[in-house]
J.: 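Below: one structure in structure tokens.
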Amino acid sequence: MYDVVVIGGNISGATAAIHAAEKGVSVALVEKNKEPLSPAHCGEGIDDVTAKWLNLEKMNCTCNKIKNIIVNISSSKEYTINLKKHRLVIFDRNCFEKSLLDKTDKLGVKFISGNGLKDFKPPHEIILDNNMRINGRIIIDASGIGCQIGRRIGINTKLKREDIGVCIQSRVQSSFDSDTVRTWFHKPYAPFGYAWIFPINESSANIGIGIPGGQKKDLHILLKNFIDDMTYGSYEITNTFRACVPSAMPLSNLVKDNVMIVGDAARLANPTSGSGIISSILSGGLAGKIAADCINGKTVSLELFQYLMRRKILMLKKNYMKKTKLNSETKFIKGYKRFFKILYFIHRLAPNILETRIEKIIDKDISLMEKYI
Ligand SMILES: Cc1cc2nc3c(=O)[nH]c(=O)nc-3n(C[C@H](O)[C@H](O)[C@H](O)COP(=O)(O)OP(=O)(O)OC[C@H]3O[C@@H](n4cnc5c(N)ncnc54)[C@H](O)[C@@H]3O)c2cc1C
């Protein structure tokens, strides 16, 4: 019997395993793939406060620091935001995930890969695809949008079609401004969603589209049109993948009996932007620490996790409510136009205000995990 079994060996799961193992408990980490997906199924964008906290550069993971963000609401309206104090960072997430798994290995975590969870017999027994059985006192569900444990213990994990961000992304070789991220909201490329160019360097970029599910659209055609227009038809594609991110209300219960749910499994990605890396690291890390403390008798209940995550959950719920209000074409365009207009003018008048405000929000998230020792 392991003290903690984590299902899902990606960003939230590996972080949970590391923080539990650092507190001396026995941990098994179960991942259905043999190794992290390369390239990662992600735009790979984060803020520089998080990048610094994660020590990405010391890990030798490439990081491209972005100075400008161009937002297009239509072909006639674009806002350019020049960052003054901070940078957006496009990083090699696959390299980061490998570093996390190296760390789990050094900490003695049992990594079971190439075999996924097939069934769960509460409260302890995990049955894998190869029928191997392992037991855990505490189970952490970090299995992404499928929420594999959650749905087997009666938590309502159903997502409305429009609450699933359906994405497609290509790694594109062409000529790019490596200092500038470009996003394009709504039509013609990403109806009720957005399209992005996240440059890795001057000759390579992640170009993708994310739209709400339930629309009868051919994602490949939408992406092709976007890439054609952004590169003037001069490009090569290295790879393309499709993936989904929850753009839903966070789960009301992140804890049930001996199970904790983290990352995308808990629907902790931001419903308006689809960004979920920081939430995955925060929730995974906290869950790992609290699980270990429960085993070691230092904390009486896993419910502490729910309590510490309450501010984050409230913020995500508010964002979800905002998203659901933009449910018609007019409201969508008007809503985002107003939002970026205000953002743009505040930033022009007093660049420090906006960037410092965002920095404070991120610092608060990070300190939540740092303070819980
Ligand atoms: C196209 C795209 C672009 C994105 N871009 C960004 C971005 O730029 N910035 C940002 O902050 N966020 C971004 N996100 C969101 C971000 O990638 C997710 O929020 C984050 O990956 C969630 O991490 P996770 O570990 O919780 O889940 P996942 O990354 O989904 O990992 C879940 C893991 O569980 C494993 N698993 C699943 N089922 C089983 C099973 N039965 N048994 C064992 N293992 C299992 C999977 O193989 C996977 O490794 C993007 C998402 C998409 C789809």
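Every number for a ligand or one of its atoms is a count from 1 in the order of the listing.
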J.: Run the salt bridge (charged side-chain N to carboxylate O under 4.0 Å, His left out) test against Glu57 and tell me which residues pass, sequence neighbours left out.
T.: Lys65
J.: Going by an N to O cut-off under 4.0 Å, is there a salt bridge joining Arg161 and Asp163?
T.: no
J.: Between Tyr336 and His186, does the ring centroid distance fall short of 6.0 Å?
T.: no
J.: Do Lys98 and Asp102 pass the salt bridge (Lys or Arg N to Asp or Glu O under 4.0 Å) test, and can you show the C-alpha distance, the side-chain angles, and the key distance before you say yes or no?
T.: CA-CA 6 Å; Lys98 282 186 174 152; Asp102 281 351; over 6 Å; no
J.: Any salt bridge between Glu329 and Lys334, counting N to O under 4.0 Å?
T.: no
J.: So does Glu355 pair up with Lys360, basic N to acidic O under 4.0 Å?
T.: no
J.: Distance under 4.0 Å, heavy atoms only, partner ligand 1: which residues pass?
T.: Ile7, Gly8, Asn10, Ile11, Ser12, Val30, Glu31, Lys32, Asn33, His41, Cys42, Gly43, Glu44, Gly45, Arg93, Gly116, Leu117, Ala142, Ser143, Gly144, Gln148, Cys167, Phe198, Phe241, Ala243, Cys244, Val245, Gly263, Asp264, Gly274, Ser275, Gly276, Ile277, Ser280
